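Okay, structure first, notes after.
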Amino acid sequence: DAGVIQSPRHEVTEMGQEVTLRCKPISGHNSLFWYRQTMMRGLELLIYFNNNVPIDDSGMPEDRFSAKMPNASFSTLKIQPSEPRDSAVYFCASSWGAGADTQYFGPGTRLTVL
Amino acid sequence: DQQVKQNSPSLSVQEGRISILNCDYTNSMFDYFLWYKKYPAEGPTFLISISSIKDKNEDGRFTVFLNKSAKHLSLHIVPSQPGDSAVYFCAASYNNNDMRFGAGTRLTVKP
């Protein structure tokens with residue numbers, strides 16, 4: 001199994017540009033999570049899906065952030081327009097179920113907004 | 001609101017000694033706790049977990065202790081090895097809902 005796949009691994013963009021991060025979860029997993037890691041706040045949960053349906057998006061910082069999961073094997077996290085304070089590492093994780101089930105993380109996307 | 005707190009951003013120990021990483025939480029409803037380990041340029045990986053019905057769980061060199069009255073858990077690594085050098089995240093969940101992570105503690109094990 002290839003594990004959770006994220007692309008791109010690195011993204012450098014200018015303020016105001018649209019950024020799209022992609023994730024392919026482990027086949028058969030029912031839940032998908034998007035996290036943001038910063039030095040100050042550690043790992044923050046942004047949103048999670050269960051069976052392709054968004055369950056909790058209370059962690060999404062503002063309307064500039066949106067996430068979709070059109071099918072069980074693909075999800076996107078979009079930031080439009082991007083700002084320098086969005087610079088962070090964004091992780092996608094998947095699990096069989098929600099909550100207490102072990103989550104398997106992707107390698108992350110390091111986003112730099114200039 | 002940080003419901004899971006790791007107040008020590010870093011910890012340095014000598015190889016062979018014990019490493020103790022601490023985690024505090026504020027939500028008394030949390031009933032499941034996990035530790036994840038993260039190497040540079042990689043995603044976090046699951047290390048060990050404990051249910052709130054237990055106060056200790058051991059897996060090889062790794063032991064997690066839970067003190068519910070103090071809302072505190074700790075991860076003990078004995079003996080520590082240089083390969084244990086990584087960032088360790090504490091996480092908690094309740095009623096099978098989504099998980100909350102701490103800010104992480106960077107452990108450095110010196111040879």
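The sequence lines fix the lettering, A, B, ..., with proteins before strands; numbering per chain opens at 1. Predicted, not measured: the structure shown is a model, and the values here were computed from it.
- Neither the backbone nor the side chain of A:E44 comes within less than 4.5 Å of any heavy atom of chain B.
- The shortest heavy-atom contact between B:S49 and B:V64 is O-CG1, 3.8 Å.
- For B:Y36, the part lying under 4.5 angstrom from a heavy atom of chain A is the side chain only.
- Your options are B:G104, B:P9, B:A103, and the one with the most heavy-atom pairs under 4.5 Å with chain A is B:A103.
- Heavy atoms of other residues, nucleotides or ligands lying less than 6.0 angstrom from CG of A:N71 number more than 12.
- Only the side chain of A:R9 comes within contact range of chain B, with at least one heavy atom under 4.5 Å from a heavy atom of that chain.
- A centroid separation of 6.0 Å or more is found between the aromatic rings of A:F91 and A:Y35.
- Judged by distance alone, the side chain of A:T109 and the main-chain N or O of A:P8 form a donor-acceptor pair under 3.5 Å.
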